Enquirer: 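I am attaching a structure below and will ask some questions about it afterwards.
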Amino acid sequence: MRSKLFVPGSRPELFAKALASNADAISFDVEDSVPEDAKVRAREQVADFLRSPGSKESLRQKIIIVRVNAGTSRHFEADLRAFTCPQVALLNLPKIQDAAEIRSAAVALENAERSAGLDQPMRLLINIETPRAVRLAWELADSHPRVAGLQLGLTDLFESLRIDRQDMRSVHAGMLAVRLAGGESNCFTYDSAFPDVADEGGFRREAELARRMGYLGKSCVHPKQVTIANEVFRVDELQLESARRIVAAAREAAADGRGAFLFDGRMIDLPTVKRAEALLAEADDPPHRSG
C-alpha cells in the first residue's frame, strides 16, 4: 500500500477514475470531505458503487478503505451498516480520543458483520490527529486485535496547535511519535496527506522522510501525488537482493549456532534479519524464495 488515494464520497464522478489510477489503495471518505447535509447521500453513493456488479473487477485490483464518521457521530452506525461488506478491507476511524472508543467501535462492527453475514473480520485503521491521540497512540494501537494500523493526520493535528505544516522538524517529531507507538504494538503506520497539491517537492520530501522512518506508504489527495508516492515507497531490486542474501546468510549462521554474523563488513543480528524478511514479504518475495 505505497499510495492511498482519498476520494470524497460526495463526488461519484471520481469513483471510477480513482479505481483506474495507479494508487494501491482507494479511501472513500464520508467524513471531513463531505458537508453535513450531504453525508447521507454520500454514504448511499459509495455503498451503491461498492456493491455495483460493474465495479466488481476493478475493486478487486485495489485495497479498499472507507473513512467513516466518528464513533460519536449520529452517522456512525449507519456507516457501519453500509460499509460492512467483503469489498472493504479497512474501516478508517477518525477523531479517536481513547481506547474505549475503539473497543466500542469493534463491538458495533462485530454486530454489523453478524447482521451482514460476513465471515471475514474487518480490520481498523485508526487516525492519530489530535494531541491526545498522539499521547495515547501506543494505547490506541494496542486497544483491540482488529487494529491493523495507525494513520497519521498532521494537518488536523498541526492546525489545531498553530504549528507550521511545512516545518520538517515538527513533521519529523509527529512521525516519530506515531511510528514508535505502532512499532510497540506491531501494527503498521501510514503517513499523512499533504494538502498542497501544487508543491510536489514538499510532498516528495515528506514521503521520503516517512519511508526512512518505516512508514508503509503515503496518503494522496490528488492522482498526481500517487506517482510520487509509488516511486518513493517502491522496493528496488538492489534492496531485495541484499535482503535475500541476508536471509540466506542468517540460515547458514543459525545452522552453525551463531545468532550474529558478519555480512559485507557489518555485524548482522536478529533485528536486521527480521527487517530483511519484512522487506521481502512487502515485495511479495517471501524469504523461502531466497538463496
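We're numbering straight along the sequence, starting at 1. Owing to the predicted nature of the structure, the values given are computational and were not obtained by experimental measurement.
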Enquirer: Should we say atom CG of Asp256 is surrounded by more than 12 heavy atoms from elsewhere, each under 6.0 Å from it?
Expert: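 Count over threshold, so yes.
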
Enquirer: With Asn69, which of Lys39, Lys95, His75 fulfils side chain to side chain donor-acceptor pair (under 3.5 Å)?
Expert: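 That would be Lys39.
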
Enquirer: Decide yes or no for Glu159 and Pro195: does some side-chain heavy atom of the first lie under 4.5 Å from some side-chain heavy atom of the second?
Expert: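 They are not in contact (no side-chain heavy atoms under 4.5 Å apart), so the answer is no.
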
Enquirer: Can a donor-acceptor pair be found between the side chains of Ser143 and Arg103 at a distance below 3.5 Å?
Expert: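 No donor-acceptor contact under 3.5 Å links the two side chains.
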
Enquirer: Hey, what do you get for CG (Leu157) to CG (Leu152), rounding to the nearest 0.5 Å?
Expert: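 These two atoms lie 7.5 Å from each other.
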
Enquirer: Measure across Thr130 and Gln97 and return the closest heavy-atom pair with its distance rounded to 0.1 Å.
Expert: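 Closest approach of Thr130 to Gln97, heavy atoms only: OG1-OE1, 2.6 Å.
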
Enquirer: Verify side chain to side chain contact (heavy atoms under 4.5 Å, CB included) between Glu184 and Asp142, making sure each step is shown before the conclusion.
Expert: CA-CA 8 Å; Glu184 181 177 358; Asp142 203 37; over 6 Å; no

Enquirer: Give a yes or no on whether Leu150 and Leu180 share a hydrophobic cluster (residues Ile, Leu, Val, Met, Phe, Trp, Tyr; joining criterion: side-chain heavy atoms under 4.5 Å apart).
Expert: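 Same cluster.
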
Enquirer: Just how far is it from atom CD1 of Ile128 to atom CG of Leu140, taken to the nearest 0.5 Å?
Expert: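 Between atom CD1 of Ile128 and atom CG of Leu140 there are 5.0 Å.
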
Enquirer: Can you tell me if CD on Glu101 sees more than 12 non-hydrogen neighbours from other groups inside 6.0 Å?
Expert: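 Atom CD in Glu101 is packed in, count exceeds 12.
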
Enquirer: Is it the case that one hydrophobic cluster holds both Val197 and Val226, taking links as side-chain heavy atoms less than 4.5 Å apart, direct or via other members?
Expert: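 Different clusters.
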
Enquirer: Determine whether Leu125 and Phe188 make a side-chain contact, defined as any pair of heavy atoms from C-beta on separated by less than 4.5 Å.
Expert: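 In contact.
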
Enquirer: Using atom types as modelled and distance alone, determine if a side-chain donor or acceptor of Lys4 lies under 3.5 Å from a backbone N or O of Gly217.
Expert: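 Side chain of Lys4 to backbone of Gly217: no pair is present.
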
Enquirer: Who passes side chain to side chain contact (heavy atoms under 4.5 Å, CB included) against Glu44, sequence neighbours left out?
Expert: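 So Glu44 forms a side chain to side chain contact (heavy atoms under 4.5 Å, CB included) with Val40, Arg41.
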
Enquirer: Is a side-chain donor or acceptor of Ser55 paired with a backbone partner of Leu50 at a separation under 3.5 angstrom?
Expert: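 Such a contact is absent between Ser55 side chain and Leu50 backbone.
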
Enquirer: Quick check on Asn186: does its CG atom have over 12 non-hydrogen neighbours (other residues, nucleotides or ligands) under 6.0 Å away?
Expert: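 At most 12 heavy atoms, drawn from other residues, nucleotides or ligands, come within 6.0 Å of this atom.
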
Enquirer: For Arg51 and Ala82, work out which heavy atoms get closest and say how close.
Expert: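 Between these two residues, the closest heavy atoms are NH1-O, 2.7 Å.
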
Enquirer: Grab the two heavy atoms, one from Val134 and one from Ala177, that are nearest each other, plus how far apart they are.
Expert: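 Taking Val134 first and Ala177 second, the nearest heavy atoms are CG1-CB, 4.0 Å.
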
Enquirer: Please find the pair of heavy atoms, one from Gly9 and one from Phe15, that lie closest to each other, and give the distance.
Expert: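 The pair with the smallest heavy-atom distance is O-CZ, 3.5 Å.
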
Enquirer: Taking all non-hydrogen atoms of both residues into account, name the closest pair between Ile246 and Phe261 and its distance.
Expert: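 Looking at all heavy atoms of both residues, the shortest contact is O-CZ, 4.0 Å.
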
Enquirer: Treat each ILVMFWY residue as a node, draw an edge where side-chain heavy atoms are under 4.5 Å apart, and state whether Val221 and Leu216 are in one component.
Expert: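 Different clusters.
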
Enquirer: What residue among Ile65, Asp79, Leu80 forms side-chain contact (heavy atoms from CB on, under 4.5 Å) with Leu91?
Expert: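 Answer to the side-chain contact (heavy atoms from CB on, under 4.5 Å) test with Leu91 among Ile65, Asp79, Leu80: Leu80.
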
Enquirer: Would you mind reporting whether Ser21 and Ile26 have side-chain heavy atoms less than 4.5 Å apart?
Expert: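 The answer is yes; the side chains approach within 4.5 Å.
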
Enquirer: Looking only at heavy atoms, which two atoms of Ser3 and Cys220 are closest? And how far apart?
Expert: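 Shortest heavy-atom separation between Ser3 and Cys220 comes out as CB-SG, 4.2 Å.
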
Enquirer: Between Arg43 and Val34, is the side chain to side chain contact (heavy atoms under 4.5 Å, CB included) condition met? List the steps.
Expert: CA-CA 10 Å; Arg43 180 194 305 129; Val34 179; over 6 Å; no

Enquirer: State the CZ-NE2 distance between Arg123 and His144, to the nearest 0.5 angstrom.
Expert: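 If we round to the nearest 0.5 Å, Arg123:CZ and His144:NE2 are 10.5 Å apart.
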
Enquirer: Judged by atom type as modelled, is there a donor-acceptor pair below 3.5 Å linking the side chain of Gln151 to the main-chain atoms of Asp191?
Expert: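 Between the backbone of Asp191 and the side chain of Gln151 there is a qualifying donor-acceptor contact (under 3.5 Å).
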
Enquirer: Mind running side chain to side chain contact (heavy atoms under 4.5 Å, CB included) on Phe76 and Leu93 for me, showing each step along the way?
Expert: CA-CA 10 Å; Phe76 180 68; Leu93 300 185; 4.0 Å; yes

Enquirer: Check whether more than 12 heavy atoms from other residues, nucleotides or ligands sit under 6.0 Å from atom NZ of Lys17, and answer yes or no.
Expert: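 Not more than 12 within 6.0 Å, no.
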
Enquirer: Run the salt bridge (charged side-chain N to carboxylate O under 4.0 Å, His left out) check on Glu110 and Arg114 step by step: do they pass?
Expert: CA-CA 6 Å; Glu110 184 177 354; Arg114 190 179 301 113; 3.4 Å; yes

Enquirer: Within this structure, what is the CG-CZ distance for the pair Asp269 and Arg258, rounded to the nearest 0.5 Å?
Expert: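 Those atoms lie 13.0 Å apart.
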
Enquirer: Between Ser52 (side chain only) and Asp48 (backbone N and O only), is there a donor and an acceptor less than 3.5 Å apart?
Expert: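 Side chain of Ser52 to backbone of Asp48: no pair is present.
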
Enquirer: Counting distance only, does the side-chain N/O of Arg234 pair as donor-acceptor with the main-chain N or O of Glu231 below 3.5 Å?
Expert: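 Confirmed, Arg234 side chain pairs with Glu231 backbone.
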
Enquirer: Are Leu154 and Leu161 co-members of a hydrophobic cluster defined by side-chain heavy atoms under 4.5 Å apart?
Expert: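 Hydrophobic grouping puts Leu161 with Leu154.
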
Enquirer: Is there side-chain contact between Phe263 and Thr272, with at least one heavy-atom pair below 4.5 Å?
Expert: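 A side-chain contact is absent here, since even the closest heavy-atom pair is not under 4.5 Å.
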
Enquirer: Measure from NZ or CZ of Lys218 to the centre of the six-membered ring of Phe194 and say whether it is under 6.0 Å with the direction within 45° of the ring axis.
Expert: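 Because its charged atom misses either the 6.0 Å distance or the 45° angle limit, Lys218 does not stack over Phe194.
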
Enquirer: Let me confirm one number: the CG-NE2 distance from Asp167 to His172, rounded to the nearest 0.5 Å.
Expert: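 It comes to 12.0 Å.
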
Enquirer: For the pair Glu208 and Arg205, evaluate salt bridge (charged side-chain N to carboxylate O under 4.0 Å, His left out) and give the outcome as yes or no after the intermediate values.
Expert: CA-CA 5 Å; Glu208 289 173 344; Arg205 284 191 297 274; over 6 Å; no

Enquirer: Do Lys62 and Asp24 pass the side chain to side chain contact (heavy atoms under 4.5 Å, CB included) test, and can you show the C-alpha distance, the side-chain angles, and the key distance before you say yes or no?
Expert: CA-CA 6 Å; Lys62 305 289 184 185; Asp24 292 339; over 6 Å; no

Enquirer: With a 4.5 Å limit on heavy-atom distance, are the side chains of Leu19 and Ile64 in contact?
Expert: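 In short, these two side chains touch, coming nearer than 4.5 Å.
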
Enquirer: For Arg146, I'd like to know if atom CZ has over 12 heavy atoms of other residues, nucleotides or ligands within 6.0 Å.
Expert: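 Yes.
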
Enquirer: Does Met213 reach the side chain of Thr189, with side-chain heavy atoms less than 4.5 Å apart?
Expert: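 No, every pair of side-chain atoms sits at 4.5 Å or beyond.
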
Enquirer: Show, in sequence, the C-alpha distance, side-chain angles and deciding distance for Arg165 and Asp196, and conclude whether the salt bridge (charged side-chain N to carboxylate O under 4.0 Å, His left out) test is met.
Expert: CA-CA 10 Å; Arg165 181 65 179 81; Asp196 190 348; over 6 Å; no

Enquirer: In terms of hydrophobic clustering (I, L, V, M, F, W, Y; side-chain heavy atoms under 4.5 Å; direct or indirect links), are Tyr190 and Trp138 co-clustered?
Expert: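 Each belongs to a different hydrophobic cluster.
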
Enquirer: What do you reckon, is CG of Asn22 surrounded by more than 12 foreign heavy atoms closer than 6.0 Å?
Expert: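 No - once you tally the heavy atoms of other residues, nucleotides and ligands closer than 6.0 Å, there are 12 at most.
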
Enquirer: Do Asp156 and Asn127 come within less than 4.5 Å of each other through their side chains, counting heavy atoms only?
Expert: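 The answer is no, as the side chains (C-beta and beyond) never meet within the 4.5 Å cut-off.
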
Enquirer: Rounded to the nearest 0.5 Å, what separation is found between the CZ atom of Phe233 and the CD1 atom of Ile228?
Expert: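 If I round to the nearest 0.5 Å, the distance is 12.0 Å.
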
Enquirer: Quick one, Phe6 and Ser219 - any side-chain contact, counting heavy atoms below 4.5 Å?
Expert: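 Phe6 reaches Ser219 side chain to side chain.
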
